[in-house]
Structures are given as C-alpha cells and as structure tokens.
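Heavy atoms only: backbone and side chains are in, while hydrogens, waters and symmetry mates are out.
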Amino acid sequence: MRSYRELFRTPEFTPFFVSAAARTAAQTISGLALGTLVFRATDSPLLSAVSMFGPQLAQMLGATFLMSGADRLPPRSTLTGIQLATAAGTALLALPGLPIGAVFAVVFAQGLIGSLGGGVRWGLLNEILTKDGYLLGRSVFNMLTGLMQVAGYATGGALLTFLSPQACLLLAAALSVASALATALGLTARPPRASGRPSVAATWRTNALLWSSRPRRLTLLGLWLPNGLVVGCESLYVSYDPGAAGALYASAALGMFVGDVTVGRLVPPALRPRLAVPLLLLLATPYLLFALHPGVPLAAVAAALASIGFGASLVQQERLVTLTPDHLTGHVLGLQSSGTMTLQGVSAALAGTVAQVTSPGVAMTVMAGASLAVTGALTWAGRAGGRGLALRPNVLDEREADGRGGERAAGASSRG
C-alpha cells in the first residue's frame with residue numbers, strides 16, 4: 001500500500017479518520033482554552049502547563065493497570081465510550097467558578113480513562129490496514145494531528161479573543177461527541193483481539209514480556225523521552241507569550257505535518273531507518289534559541305523547524321511493530337502511547353517548575369538540552385548493543401512466538 005488513495009479506499013478507514021479528526025480538534029481547542037483559563041486565574045506557568053498536559057500524567061497508571069484491555073475489549077464500543085466520557089469531563093471543566101483543585105481532578109480522570117484509547121485505537125488501525133500499509137496510515141494520522149492542531153490552535157486562539165474559555169470548552173465537548181458518533185456509526189463491531197478478561201495481572205505480565213526485549217526497550221525509551229522533553233518546551237508557549245500562544249502552537253503543528261509527509265510519503269523505505277537520530281536531534285536543537293528570548297516571528301520559525309523532527313516517531317513506531325508479535329500489537333502500541341503521554345505530562349510539569357524559578361525561555365533551553373543528551377545516550381546504548389534507534393529486521397523472541405497460543409490460553413483460564 002503506497003498511496004493515500006489506496007488508504008481511503010480501504011473499508012472503515014474514512015470513518016476512523018473522521019473520528020480522529022474530531023477528537024484531535026476537541027483536544028486542541030480544549031487544551032488551549034483550559035491552559036488560558038488556568039493562567040488567567042493563577043498567573044502560574046506551572047499550573048497552566050500542567051492543566052494543558054495533565055491528562056498525560058495519568059497515562060502511566062492506565063498503562064500499569066488497564067492496558068490489557070487494549071486487546072481484550074471490543075474496539076468500537078470501547079472507543080465510543082472513551083470519547084463520550086471525555087466529552088462529559090470537558091463540559092464539566094466549563095462550569096463557572098470550578099475550583100482549581102476540581103479542575104485538576106477532572107483532568108486526571110480524563111487522562112486515566114483515555115489511557116486505554118491509544119492501544120485500542122492503534123491496534124484497530126493495524127487490523128483495518130494491511131501490514132505494508134501501517135506506516136503510511138500512521139503517517140496520515142500524524143499529518144491529521146498536525147493539520148487539526150494548526151486549525152485548532154488558530155481557531156482556538158481566535159475564539160478566545162471573542163469568547164470565554166468556558167465557551168470554547170463546550171465547543172470541544174461537542175466535537176468529542178461528534179467523534180464518538182463517527183466511531184459508533186462508521187466502524188464494524190469487531191471482537192477483541194485476545195481472549196480473556198482485562199486484569200491488572202494480565203497487564204503486568206504482558207508489560208514485563210514486552211519490556212524484557214532490549215531492542216524493544218530501547219525503542220520505547222526512544223519514543224518516550226526525547227519527544228516528551230521537547231513537549232515540555234511546547235507546554236510553556238502560553239506563559240512565554242500569552243497573546244501569541246495560538247500562533248506558536250500552530251507553527252509547531254505545521255512543522256510536524258511537514259515532517260510526517262516527508263517521512264511517511266516521500267522518503268524511500270530503505271533510507272527511513274537512518275533518519276531516526278538526525279530527526280531527534282532536529283527536534284530539540286532549535287529550542288536552544290529560546291535562551292535569547294526571540295520575538296514571536298523567530299520563535300514561530302524555530303518551533304516549526306523543531307517539530308519536523310517529530311517525524312522520527314514514524315520510524316520508531318514501524319520498528320516497534322516489527323519487534324512485536326501480532327497478538328500483542330494493541331498492548332505495545334498502547335504502552336508506547338501511554339508512556340509518551342506520561343513523559344509529556346511529566347515534562348510539562350518539570351518545564352513549568354523550571355520556568356517558575358527562572359523564565360519560560362530558559363526552561364525551554366534546559367528541556368531541549370536534556371532531550372539532546374537523552375538522544376545521545378540512547379544512540380550510544382543502541383550501538384553498544386549492536387542496534388541503534390533505527391529500524392532493523394527482527395526475529396521474535398522464541399518465548400514470544402511460542403507464547404501466542406499460551407497468551408490466549410492464559411486469558412481464557414482467567415475468564416472463569
């Protein structure tokens with residue numbers, strides 16, 4: 001599968017795409033509105049950053065306790081329920097006079113509920129598309145995220161000049177309902193990919209199995225850490241320049257779109273594995289400029305250029321799928337998604353803390369330097385073990401290959 005036309009001719013891909021578009025728009029508008037609301041109420045870069053990226057902080061709890069559901073729950077009804085719960089939480093955040101403590105409680109609950117969504121969603125995409133179409137399909141969704149963020153942040157920034165943050169939150173809640181409807185009406189009811197009930201024990205057992213492979217472990221860390229630290233830089237846009245935050249977020253989203261188009265569609269497959277490390281370096285380096293506190297035009301260019309580096313995640317995700325047996329695809333992609341979100345939330349809190357005692361520009365520079373250091377350390381570790389961050393052919397661990405039937409049997413035994 002090598003063309004976008006083939007993708008959209010695939011049954012169920014279009015409604016899946018529409019649902020994702022509405023969900024991303026809702027997240028974008030609600031994040032900017034909530035960050036602005038909290039910053040106006042508290043004048044705190046830390047609380048503003050955490051309010052925008054706080055749901056990610058709950059992701060690792062979901063990965064620790066809930067992720068076995070990614071392959072053991074019916075995808076359509078699970079995704080529909082998650083989006084409806086998100087809509088209800090967003091509407092609750094729009095209540096006038098809601099205390100800051102209650103705001104963060106709702107944000108945490110949204111993150112915990114949503115933590116299961118990544119595994120279910122990307123495992124389902126792996127079923128809808130053929131194996132050779134997964135990277136192209138995932139790049140389309142990354143491109144969609146970039147475009148919807150450009151539109152969402154630009155629209156959200158404009159709306160916030162005319163409407164209250166609470167009104168923008170209600171609009172985001174309506175978009176989440178639209179996403180749920182697109183999922184419920186457009187997708188086929190599929191059975192779970194694995195048998196047995198979701199459980200904490202099954203989640204821990206599978207997490208341990210996935211983590212036991214050194215190449216897979218390094219790939220997961222490469223997806224989590226450099227990316228998350230740079231999102232810490234992005235979390236400070238509101239406090240860096242409250243009036244231009246929408247423009248900075250839109251510029252970053254545009255850069256991400258360019259990176260995903262380039263890596264997913266234009267770069268030959270043989271060249272892709274070599275691009276992971278250079279793209280990760282590009283992801284962080286432009287943020288070093290923020291130590292000089294550049295004006296909005298130069299800051300927007302730096303944000304756009306840096307975000308091209310997010311294309312590295314496509315190379316790393318392709319490697320991760322190759323390194324994982326089919327019956328664990330949903331779980332490992334959920335683990336990757338939850339870990340990424342968690343590190344983004346932690347980094348937002350860390351960046352906000354540094355900004356609180358220094359300045360947003362200095363904090364961005366610190367987070368970018370940390371990202372570069374982590375990329376260097378992971379590259380060294382990968383080469384020391386004979387494998388870098390690039391994609392290489394994989395031979396499954398013998399116990400994983402043999403465990404395909406055993407995993408199902410274990411799930412079946414836990415049913416009773």
Whether Thr10 side chain and Leu7 backbone form a donor-acceptor pair below 3.5 Å: yes
Is there a side-chain contact (heavy atoms from CB on, under 4.5 Å) between Leu320 and Gln316? Walk through the geometry before answering. CA-CA 6 Å; Leu320 187 62; Gln316 295 166 297; over 6 Å; no
State, with a plain yes or no, whether a side-chain heavy atom of Pro75 is found less than 4.5 Å away from one of Leu187. no
Among Thr14, Thr24, Thr80, Thr183, side chain to side chain donor-acceptor pair (under 3.5 Å) partner for Ser19: Thr183
Atom CH2 of Trp204: over 12 foreign heavy atoms under 6.0 Å: no
Side chain to side chain, Pro273 and Arg319, heavy atoms closer than 4.5 Å: no
Passes side-chain contact (heavy atoms from CB on, under 4.5 Å), Cys233 versus Phe290? Steps please. CA-CA 10 Å; Cys233 301; Phe290 280 78; over 6 Å; no
With rounding to the nearest 0.5 Å, note down the distance linking CG in Leu93 to CD in Gln166. 10.0 Å
Checking ring-ring contact (aromatic ring centres under 6.0 Å, His included) for the pair Phe13/Phe16: CA distance, chi angles, key distance, verdict? CA-CA 5 Å; Phe13 184 82; Phe16 194 72; 7.2 Å; no
Does a donor on one side chain and an acceptor on the other come within less than 3.5 Å for Gln336 and Thr340? yes
Do the non-hydrogen side-chain atoms of Gln83 and Val177 ever get within less than 4.5 Å of each other? no
Suppose we screen for side-chain hydrogen bond (donor to acceptor under 3.5 Å, both in side chains). Which residues come up paired with Thr90, at least two apart in sequence or across chains? Gln110
Does anything in residues 333-361 form a ring pair (Phe, Tyr, Trp, His ring centres under 6.0 Å)? List the pairs, not counting sequence neighbours. none
How many angstroms lie between atom CG of Leu314 and atom CG of Leu279, to the nearest 0.5 angstrom? 9.5 Å
Classify the angle between the aromatic ring planes of Tyr287 and Tyr237 as parallel (below 30°), tilted (30 to 60°) or perpendicular (above 60°). parallel
Listed by chain and number, what are the salt bridge (Lys or Arg N to Asp or Glu O under 4.0 Å) partners of Arg190, not counting sequence neighbours? Glu12, Glu127
